[in-house]
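The next block holds one structure in the form of structure tokens; read it before the comments.
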Amino acid sequence: MPEAPAPGLAETAHALPQPARRPPRFSRLLRRILLLNALPPALLAASLLYLDQYQNGLMAAEVEALRTQARIYAAGISEAAVRIENDRASLVPELARPLLRRLVEPSPNTQGKLFDNTGLLVADSRVREGSGGAIVSEPLPPPEPRGALSATVSGIYDRLLVLLPRGFLGQQGRPDVVVDLNPNAPSFDWQPDLGPERREELRIALEGGVTPYIRRTSDGRLLVSVAEPARRGAQSIGIVLLTREAREVDQRLIEIRTSVLTLFAIALVLTVALSFFLARTIATPMLELARAAVRMREGEGRANSVPSGLVARDDEIGVLARDLQNSASALWGRIDANERFAADVAHELRNPLTSVRSAIETLRRIENPDQQKRLLAIIAEDAVRMDRLIADISDSSRVDAELSRIISQPVDIAPILSALAELHNATRKSDTDPVVELEAPEDGLVVRGVEGRVVQVFRNLLGNALSFSPENGKVTVRGRPTGAVVEVTVEDEGPGIPDHKLESIFERFYSERPTGERFGQHSGLGLSISRQIVEGLRGRISAENRRDADGKVMGARFVVRLPAA
């Protein structure tokens, strides 16, 4: 019967949970974070873009309406307020002033001015002659007072606009609209003496180009001005300048700004709420995992170190929680295995030590030379046995640490199996000793592993199979690739393995040797070390019985599966 170890590290490694499934290529948490954090800025960006288009649309409509009105006024003045002399038309101020006033009068928020071709003011709809020849000026109605909410909204929105790049709002897509929202800009439209900028505008109007001018004055008015030449035939007789206070535009912009800030407030609330949500789903679980790690370090929570709610999650937090729980289980299992290993070592060493002590005590009391020689032989055998035990125990304790440090390399095991088979067949002591037959593909069997340790595994399995094989028996070694693994079987023609001990044979210090073999020739660690090595290389090793068609046991079979390179 094959030798095997007592419960220990190999059993623990075999019982470890399978590795967690590989996480998806795109993280669930990453998608969640991107979606939740992108939603509020997207709402705000959409509202800003909508406001930009809406403001441009309002201003364009206002400019177009004022431009149409200026053209109508210019056409009326060029027909009714001119004098024809020598085929040349000229303005008649006495006719133009009341006409301009009557034309503009239906529009209370509009001021009209008429200039001659030299840029001198001829008529102003806000200036009329009073009794006794006095000149009366009628200023535009004062701007409507803003409520506290409107003033607050405007102030907040203006501060937000300061943070945006210049030109983000106002002029996009409207190169023909000039916007000046500087509250300190001079409002010379209402002065009889024009500045150089307005003279340039009038010159452009005389040449046929109409450039709307939009600005906000120091008292908060939004003004739109349009200059239109008044022509009689092909002759220009003057310029009509209309300036209108765009109160409706301002009111609608206030409404939209209120909507924008409302959306911004909603987005801010959503961001804060979602941040708390992310904190509860990410940060809080991470803290719980950190506290679980502290409990593990302090020796608490041996059974369920990680909260079950985190282990049950199906995202990366759940993967981390399960890996941490598996690590804790492996750690506690390793500690338990070390305790069992120490107890097993003490037990196994105590037997030869007791035998040596008894032999020495007996040796002191007897004087028969033959008996003394026999006792000395017993002491020598026990010393050899202890030396073998210590060597195997040392090797077993180094396996896990060695495999964790060494990087697995591609190893072709076909030449290894061939060399082991040839070595045994060439060194048989008699013709009745069992032979080894090898069945392996000629193109090789490449696995990922550590060559020295792989050789140790198959040498142990071959030695174990040969020791249980009868005279003239045969040990068959077969190797073949099966998908992502390479499978190697070692079959003998011995008595087989009791079914209830198919797993026990891999335990430490388990030893059940063939009949006639002297006690103490094996340490009981060979199969245990083999399992340690195979599972350290991410493979599997198992034992089973070979049976014929009638179910009779024909021998034992060991199956080793290693990952293919």
Side-chain angles (χ1 to χ4, degrees), residues 1-16 337 340-341 344-345 348 388-389 391-404 406 408 411 413-414 416-417 419-421 423-424 436 438 445 447-469 475-479 485-492 494 496-497 501-514 521-545 555-563:
M1 183 58 59
E3 57 177 309
L9 293 180
E11 179 186 14
T12 303
H14 181 66
L16 286 178
R340 291 194 302 269
F341 183 59
D344 293 339
V345 168
E348 292 297 323
R388 184 184 301 111
L389 274 173
D392 288 346
I393 290 169
S394 176
D395 188 37
S396 176
S397 64
R398 289 197 309 266
V399 168
D400 288 338
E402 179 182 331
L403 293 179
S404 65
I406 299 177
S408 299
V411 177
I413 62 175
I416 295 175
L417 298 176
L420 291 174
L423 179 62
H424 170 74
V436 177
L438 175 64
L445 296 169
V447 301
R448 295 199 64 85
V450 180
E451 185 173 0
R453 291 299 181 179
V454 172
V455 171
Q456 183 179 1
V457 169
F458 292 115
R459 187 171 61 239
N460 287 344
L461 294 180
L462 275 176
N464 187 80
L466 289 169
S467 66
F468 282 91
S469 295
V475 173
T476 305
V477 180
R478 294 186 178 90
V485 299
V486 171
E487 181 180 279
V488 179
T489 61
V490 179
E491 301 176 353
D492 61 48
I497 308 170
K501 294 184 178 180
L502 290 175
E503 281 296 320
S504 300
I505 60 174
F506 292 103
E507 296 174 357
R508 278 199 185 95
F509 302 113
Y510 180 92
S511 181
E512 186 172 337
R513 304 307 306 166
Q521 297 300 308
H522 295 83
S523 64
L525 289 173
L527 292 180
S528 171
I529 294 175
S530 297
R531 169 165 278 185
Q532 278 185 268
I533 295 172
V534 171
E535 293 187 346
L537 297 176
R538 301 185 182 278
R540 297 293 299 273
I541 182 172
S542 60
E544 59 189 31
N545 286 314
R557 178 188 295 119
F558 286 85
V559 182
V560 177
R561 295 179 177 88
L562 292 172

Next item on the list: Can you measure from CZ (Phe458) to CZ (Phe558) and round to the nearest 0.5 angstrom?
Entry: 13.0 Å
Checklist line | Side chain to side chain, His424 and Val475, heavy atoms closer than 4.5 Å | finding: no
Checklist line | Side chains of Leu461 and Val477 in contact at under 4.5 Å (non-hydrogen atoms) | finding: no
Note to self: Quick check for you: to the nearest 0.5 Å, what is the distance between Leu527 atom CG and Ser530 atom OG?
What the structure shows: 5.5 Å
Next item on the list: Nearest 0.5 Å please: distance from the OG1 atom of Thr476 over to the CG atom of Leu438.
Entry: 9.5 Å
Next item on the list: Please name the pair of heavy atoms, one in Gly494 and one in Asp492, separated by the smallest distance, quoted to 0.1 Å.
Entry: N-OD1, 3.0 Å
Note to self: Is any side-chain heavy atom of Ser408 closer than 4.5 Å to one of Leu537?
What the structure shows: yes
Check: With sequence neighbours excluded, what pairs up with Thr489 under the side chain to side chain contact (heavy atoms under 4.5 Å, CB included) test?
Finding: Arg478, Glu487, Glu491, Arg557, Val559
Item checked: Test item: Val454 and Ile533 side chains (from C-beta on) under 4.5 Å apart, heavy atoms -> no
Next item on the list: Could you check Leu466, Leu420, Leu417, Val490 and say which one makes a side-chain contact (heavy atoms from CB on, under 4.5 Å) with Val436?
Entry: Leu466
Note to self: Just verifying a value: how many Å separate Gln532 CD and Phe506 CZ, rounded to the nearest 0.5 Å?
What the structure shows: 12.5 Å
Notebook entry, point to check: Could you give the distance from CD1 (Ile497) to CD (Glu503), rounded to the nearest 0.5 Å?
Noted result: 10.0 Å
Note to self: Under the criterion side chain to side chain contact (heavy atoms under 4.5 Å, CB included), I'd like the reasoning laid out for Val485 against Leu562: C-alpha separation, chi angles, the key distance, then a yes or no.
What the structure shows: CA-CA 5 Å; Val485 299; Leu562 292 172; over 6 Å; no
Notebook entry, point to check: Among side-chain atoms of Arg459 and Gln456, is any donor-acceptor pair under 3.5 angstrom?
Noted result: no
Check: To the nearest 0.5 Å, what is the distance between OG (Ser542) and CZ (Arg561)?
Finding: 5.5 Å
Next item on the list: Mind listing the closest non-hydrogen atom pair of Glu451 and Val411 along with its distance?
Entry: N-CG2, 4.0 Å
